[in-house]
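Below is one structure; the comments refer to it alone.
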Amino acid sequence: MEATFAGPALDRSVDALVGCLDAAVRLPTVEATTERVKHELGRMIAERSLLLPERCLYAHEDKYARHLLYSSEEFGYTAVVMVWGPGQRTGLHDHSGLWCVEGVVEGELTITRFERLGGAEVYRFEECERIHASAGSSGSLIPPHEYHILANDSPTQTAITLHIYGGEMTSCSVFEPQADGSFLRRERPLAYDE
């Protein structure tokens, strides 16, 4: 990623992103907000005007990294940079009812979306879409269509993504497959990496 990680260029980049996000969350519907965020995020990545601070670019060997880029006190949204080492992935999870726009800044990710099948007591899912997203790609998740897996399938390359959430995501539900085809739900706390 060609970027300046300190100084005025970085400050202008983050300010421009925040300005776009502030305008988007003022729109009257979640659908309008996420569509605007997808557009602006994709544009900034394609123009290479989205500069991320060096503190947000560190990976971990054993798990993907979550770095808080920005949290809006006024509007409540958060911007989180995730760094995916080769082969790192999530399990099947939700976003705890929060809308989200995810953009690929560098590398490639595979996003596998699922729909939850009927029944309140038993969790069952059906894969409905698999997307191979490269740098500049962005997509949105709006509850109840929020179940997915993210994976960096590359054996050698790191991937970097930026996630804009409609709030502070401090936990999510993770769904673990069982022998009978159902899934066991467990709550997973989320934290930011230093």
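Note that CE of Met44 is 4.5 Å distant from OG of Ser49, once rounded to the nearest 0.5 Å. Distance check: Glu176 CD to Arg188 CZ gives 11.0 Å after rounding to the nearest 0.5 Å. We find the CD-NE2 distance between Gln88 and His60 to be 9.0 Å, quoted to the nearest 0.5 Å.
Note on ring orientation: taking the six-membered ring where Trp is involved, the planes of His148 and His95 are perpendicular (angle over 60°, cut-offs 30° and 60°).
Using a 4.0 Å cut-off between charged nitrogen and carboxylate oxygen, Arg185 and Glu187 count as a salt-bridge pair.
Cluster annotation: Tyr70 is not connected to Met169 through the hydrophobic network of ILVMFWY side chains, with a link wherever side-chain heavy atoms come within less than 4.5 Å. Hydrophobic clustering, with ILVMFWY side chains joined whenever heavy atoms are under 4.5 angstrom apart, groups Ile45 together with Leu51. Note: the hydrophobic cluster containing Leu162 also contains Val25 (ILVMFWY, side chain heavy atoms under 4.5 Å, direct or indirect links).
A heavy-atom distance below 4.5 Å is not found between the side chains of Glu146 and Leu98.
Put simply, the residue from Lys63, Arg55, Arg66 that forms a side-chain hydrogen bond (donor to acceptor under 3.5 Å, both in side chains) with Asp193 is Lys63.
Through side-chain heavy atoms spaced under 4.5 Å, either directly or across other Ile, Leu, Val, Met, Phe, Trp or Tyr residues, Tyr58 is tied to no other residue. Cluster partners of Phe114, using a side-chain heavy-atom cutoff of under 4.5 Å among ILVMFWY residues and allowing indirect links, are Leu92, Tyr123, Phe125, Tyr147, Ile149, Phe175, Phe183.
Using a distance-only test at 3.5 Å, with no hydrogens or angles considered, no donor-acceptor pair links the side chain of His39 to the main chain of Val37. Looking only at distances, no side-chain donor or acceptor of Ser71 sits under 3.5 Å from a matching main-chain atom of Thr78. In this structure, the side chain of Ser134 does not engage the main chain of Glu108 through any donor-acceptor pair within 3.5 Å. Between the side chain of Asp94 and the main chain of Ser173, a donor-acceptor pair closer than 3.5 Å is present.
Listed by first and then second residue, the salt bridge (charged side-chain N to carboxylate O under 4.0 Å, His left out) pairs that reach into residues 28-40 are Glu35-Lys38, Glu40-Arg43, sequence neighbours excluded.
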